[in-house]
Chemist: 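I am attaching a structure below and will ask some questions about it afterwards.
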Amino acid sequence: MVTKLKEVDAVIVGLGWTGGILAKELAEAGMKVVALERGQMRTTANDYSVPNIRDELRYVIRHDLMMDTARDTLTVRNNPGQEALPMRRLGSFLPGDVVGGSGVHWSGHTWRWTDMEFKVRSMYEERYGKNFIPGDMTIQDWGITYAELEPFYDRFEYTAAISGKAGNIKGQIQAGGNPFEAPRARDYPLPPLTPILASTMFDKAAKDAGYHPFPRPSANASRAYTNPDGAKFGACQYCGYCQRFGCEANAKGSPHVAVIPFAMKSPNFELRTSSWATKVLKDSTGKKVTGVAYTNVLTGEEFEQPAGVVLLCAYVLNNVHLMLTSGIGAPYDPAAGTGVVGKNYCYQTGAGATLFFEDRHFNPFMNAGGSNYTMDDFNINWSFDRGPHGFLGGYNVGAGFNTALPIGYRPVPQGTPQWGKAWKQATAKHYQMAMNIGASGSVMANRANFLDLDPTYKNAFGQPLMRMTFDYKDNEHKMGRHAADTVNRIARSMNPTAMNAATARTDPWTVVPYQSTHNTGGAIMGTNPRESALNKYLQSWDCHNLFVVGANAFAHNASYNPTGPVGALAYWTADAIKNRYIKNPGPLAPA
Amino acid sequence: MSDAKMSDPNLARRDFLKGAALGGAAASTALPQAATAQQPAPPAPVPAAYAFLNTREAAFVEALVDHMVPADNLTPKGTDVGLNIYIDRALAGAWGKGDRLYMQGPWKTGTPSQGYQLPLTPSQLYRAGIEATNAFCVKTYAKPFDRLDEKQREEVLLGLSTGKIKFDNGPPAGPFWTMVYQTVMEGMFSDPIHGGNRNKAGWRMIGFPGAIAVHRDNVEKYRDKVFPNDPTSISDMS
Ligand SMILES: Cc1cc2nc3c(=O)[nH]c(=O)nc-3n(C[C@H](O)[C@H](O)[C@H](O)COP(=O)(O)OP(=O)(O)OC[C@H]3O[C@@H](n4cnc5c(N)ncnc54)[C@H](O)[C@@H]3O)c2cc1C
């Protein structure tokens with residue numbers, strides 16, 4: 001039996017970064033808001049405090065804060081000709097499953113994506129001609145501009161306590177920052193983190209090679225900070241347990257620190273934990289949604305929460321899954337190239353080298369999530385001519401440590417035995433005297449990379465699992481070779497005594513090991529309903545009272561981490577709902 | 001909570017006897033600077049007690065961890081570091097019983113990029129894999145793994161790790177070895193609260209400071225310098 005509840009103004013599915021931002025903004029604007037979160041409440045004092053949080057086995061290896069694949073997972077394959085099989089345990093990506101979502105255990109690297117992404121097709125076509133873009137590369141403009149998003153990037157950076165150094169304030173290049181960044185109205189709220197040895201060595205080598213390294217902007221507060229809403233952050237302790245952990249110092253910009261407490265303070269807001277949304281409900285016309293069906297996972301009881309507006313904020317993958325299981329929008333068909341839901345799923349690629357020294361002490365256990373240095377010379381630098389190299393997109397190169405804990409991080413030169421005395425000697429010797437340089441690369445959308453429903457496997461609610469079809473294409477391979485060359489060149493200039501060189505990826509994408517939780521696409525924003533599921537306000541073209549917020553809206557994936565634009569788009573959407581939609585419900589952009 | 005306290009004093013009786021013969025054999029080659037072993041003396045041996053492993057499996061695991069982590073100037077041998085206890089507790093606990101593992105069929109082999117696809121929980125795979133490895137050892141050397149000499153053990157582990165050994169009857173050797181290797185490393189480097197890394201021997205070996213809370217001032221203070229090798233565990237701070 002399904003219990004039908006009283007209608008509210010808005011129901012939000014998922015209370016991580018995007019859900020937290022929207023919950024706060026909409027409740028403060030006077031809307032009655034209910035958030036449904038499948039996970040449990042966790043707090044810094046109760047759950048992320050020292051010493052218990054310092055447990056690599058529990059949090060990194062056993063995925064304490066992350067989604068439970070026994071209950072719901074995806075099936076995966078590399079191409080449409082293969083049979084997809086379930087990802088039986090987590091590996092390649094690690095979405096969150098508690099109040100705060102992945103925003104609790106992320107690292108915090110926070111970037112502003114530029115018009116090089118938002119206008120990807122027009123910029124490449126204009127400069128290199130239509131034929132430069134491979135026929136199966138389904139990149140398209142996003143329908144939004146950097147200038148439109150700038151104030152919302154700013155809002156997110158000040159909310160999430162980003163430490164960094166501006167490179168371009170209103171067109172003035174700033175020494176020490178990223179000279180390639182798009183103009184910003186003002187500097188970051190906090191100065192950069194203290195660079196660790198590996199970062200300063202990379203900084204020097206990259207500068208000597210003529211590149212433009214800068215401290216990576218990150219949501220790790222370099223000193224105590226109060227955000228514009230009054231959320232208090234402690235100073236980062238460089239504890240080395242950042243990625244995959246909650247922060248005991250409240251120094252990490254996380255939704256349960258930065259935004260959710262303000263939603264909770266509002267009498268207009270109600271949070272229901274252990275509430276798993278299974279379906280978005282539609283009215284008989286199919287042109288409006290009426291609410292969300294969900295199951296209380298503690299009791300098995302089923303509910304229907306009617307709402308004037310539905311916001312899917314359940315992370316990229318769950319948002320697309322809910323669109324597919326609810327039958328909203330035409331599912332993408334890769335053979336015909338029609339349909340939109342599931343289209344342009346992208347991921348990221350990379351290449352890395354490990355450098356071994358005899359006499360440097362890197363202390364790899366002292367770092368913040370983002371105490372790295374990075375360079376964008378082959379990324380958002382439009383004057384880097386891709387023509388001769390034949391690829392679109394780019395990669396950033398960085399060095400430093402992030403959560404280099406010993407079950408997972410024990411660098412040894414290639415060819416070292418894997419056990420026994422020689423292994424012990426090498427492991428003991430190199431743990432502290434090695435560093436890495438890594439490149440992270442964009443993935444351009446491809447016709448054959450997409451999400452749909454699996455015909456065979458089901459989740460705990462009897463619904464089909466989502467099926468992920470993904471592999472790297474020629475563009476990524478070419479870029480990977482360029483990236484590996486760059487990494488190796490810089491690495492060699494640092495004269496390590498031994499080196500595990502970077503190699504371009506040639507093997508297919510695999511579900512193990514961890515690569516990044518930077519999944520994108522599947523319910524993308526765009527300029528028209530034939531090519532995209534959402535308009536530029538992340539509003540469904542099909543049902544105007546449905547908003548689908550997250551990196552699902554990205555029409556392709558850049559080399560940067562996603563949460564800068566994810567957070568900015570959440571504020572942008574909140575602004576459109578508060579200031580336009582509730583006054584005059586209907587499509588916010590012309591079809 | 002009391003995990004560490006309960007398992008800490010456990011030492012394999014068999015290993016105590018074996019250890020008497022092997023003890024002191026640690027060759028002293030060039031000592032890694034960071035690790036200048038401040039290893040305390042192992043605690044007084046008491047019998048290992050197992051929650052999952054049966055007698056044959058316990059013998060296999062003890063032999064395995066002592067081979068992979070031999071005693072030397074860096075650490076005591078695997079059983080003295082509690083690796084067998086770590087593995088036993090992991091297999092007896094939620095992870096070993098398939099917590100967070102999607103266990104719906106149909107079951108297919110799949111491609112390597114599709115990851116783990118066996119219809120077995122970790123404890124089931126460990127059990128079946130030990131039996132299959134022992135069967136291979138009996139066929140090849142007429143003895144189970146724990147009775148092999150060091151050279152033969154090395155051959156078996158190399159065969160497993162390079163994919164040369166294929167089990168006649170049993171699960172594929174690849175996923176078994178991947179899991180075995182991972183659990184040995186977990187036992188070596190996880191917090192002692194989980195039953196391994198006894199006396200923080202794994203951490204001392206590499207100079208990892210453990211659960212220490214604050215490095216804010218240490219970033220500058222220890223820039224390019226060795227940090228004191230005196231690790232802190234969760235129970236030290238509780
Ligand atoms: C280990 C790790 C490191 C990362 N590092 C970085 C980084 O350095 N920089 C960066 O930019 N990004 C990083 N990310 C990514 C970042 O965390 C995400 O981009 C961000 O959290 C996305 O916000 P979201 O609101 O879309 O999803 P989340 O923050 O994940 O929130 C989604 C919420 O929805 C809930 N939910 C899901 N399905 C349902 C359902 N059916 N019913 C009810 N609730 C549901 C989930 O439990 C979760 O709480 C990292 C991620 C991980 C896992």
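Naming convention: chains lettered A, B, ... in sequence-line order (proteins, then strands); numbering from 1 in each chain.
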Chemist: Relative to chain B, which segment of Ile61(A) carries a heavy atom at a distance below 4.5 Å: side chain, backbone, both, or neither?
Modeler: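 Contact with chain B: side chain only.
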
Chemist: Is the Tyr222(B)-His361(A) ring centre distance short of 6.0 angstrom?
Modeler: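 No, ring centres 6.0 Å or more apart.
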
Chemist: Could you look at Tyr431(A) and say if it's the side chain, the backbone, both or neither that has a heavy atom under 4.5 Å from chain B?
Modeler: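 The answer is the side chain of Tyr431(A).
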
Chemist: Distance under 6.0 Å and angle within 45° of the ring axis: does Arg89(A) meet both against Tyr116(B)?
Modeler: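 Because its charged atom sits under 6.0 Å from the ring centre and within 45° of the axis, Arg89(A) does stack over Tyr116(B).
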
Chemist: Side chain, backbone, both or neither: which part of His430(A) has a heavy atom under 4.5 Å from chain B?
Modeler: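 Contact with chain B is absent: no heavy atom of His430(A) under 4.5 Å.
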
Chemist: Contact part of Thr69(A) toward chain B, heavy-atom cut-off under 4.5 Å: side chain, backbone, both or neither?
Modeler: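 For Thr69(A), the contact with chain B is made by backbone and side chain together.
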
Chemist: Would you say the side-chain atoms of Gln117(B) pair up with the backbone N or O of Pro86(A), donor to acceptor, closer than 3.5 Å?
Modeler: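 Confirmed, Gln117(B) side chain pairs with Pro86(A) backbone.
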
Chemist: Taking atom types as modelled, find out whether Asn367(A) and His215(B) have a side-chain donor-acceptor pair closer than 3.5 angstrom.
Modeler: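 His215(B) and Asn367(A) do not have a side-chain donor-acceptor pair below 3.5 Å.
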
Chemist: Can you tell whether the side chains of Asp72(B) and Lys424(A) come within less than 4.0 Å, N to carboxylate O?
Modeler: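 A salt bridge is present here (some side-chain N lies under 4.0 Å from a carboxylate O).
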
Chemist: What part of Tyr457(A) gets within 4.5 angstrom of chain B, counting heavy atoms only: side chain, backbone, both, or neither?
Modeler: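 When you check distances to chain B, atoms from both the backbone and side chain of Tyr457(A) fall under 4.5 Å.
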
Chemist: Against chain B, label Ser92(A) side chain, backbone, both or neither, depending on which of its atoms sit under 4.5 Å from a heavy atom there.
Modeler: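 For Ser92(A), neither part sits under 4.5 Å from chain B.
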
Chemist: If we only count heavy atoms from C-beta on, is the Arg223(B) to Thr194(A) side-chain gap below 4.5 Å?
Modeler: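 Arg223(B) reaches Thr194(A) side chain to side chain.
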
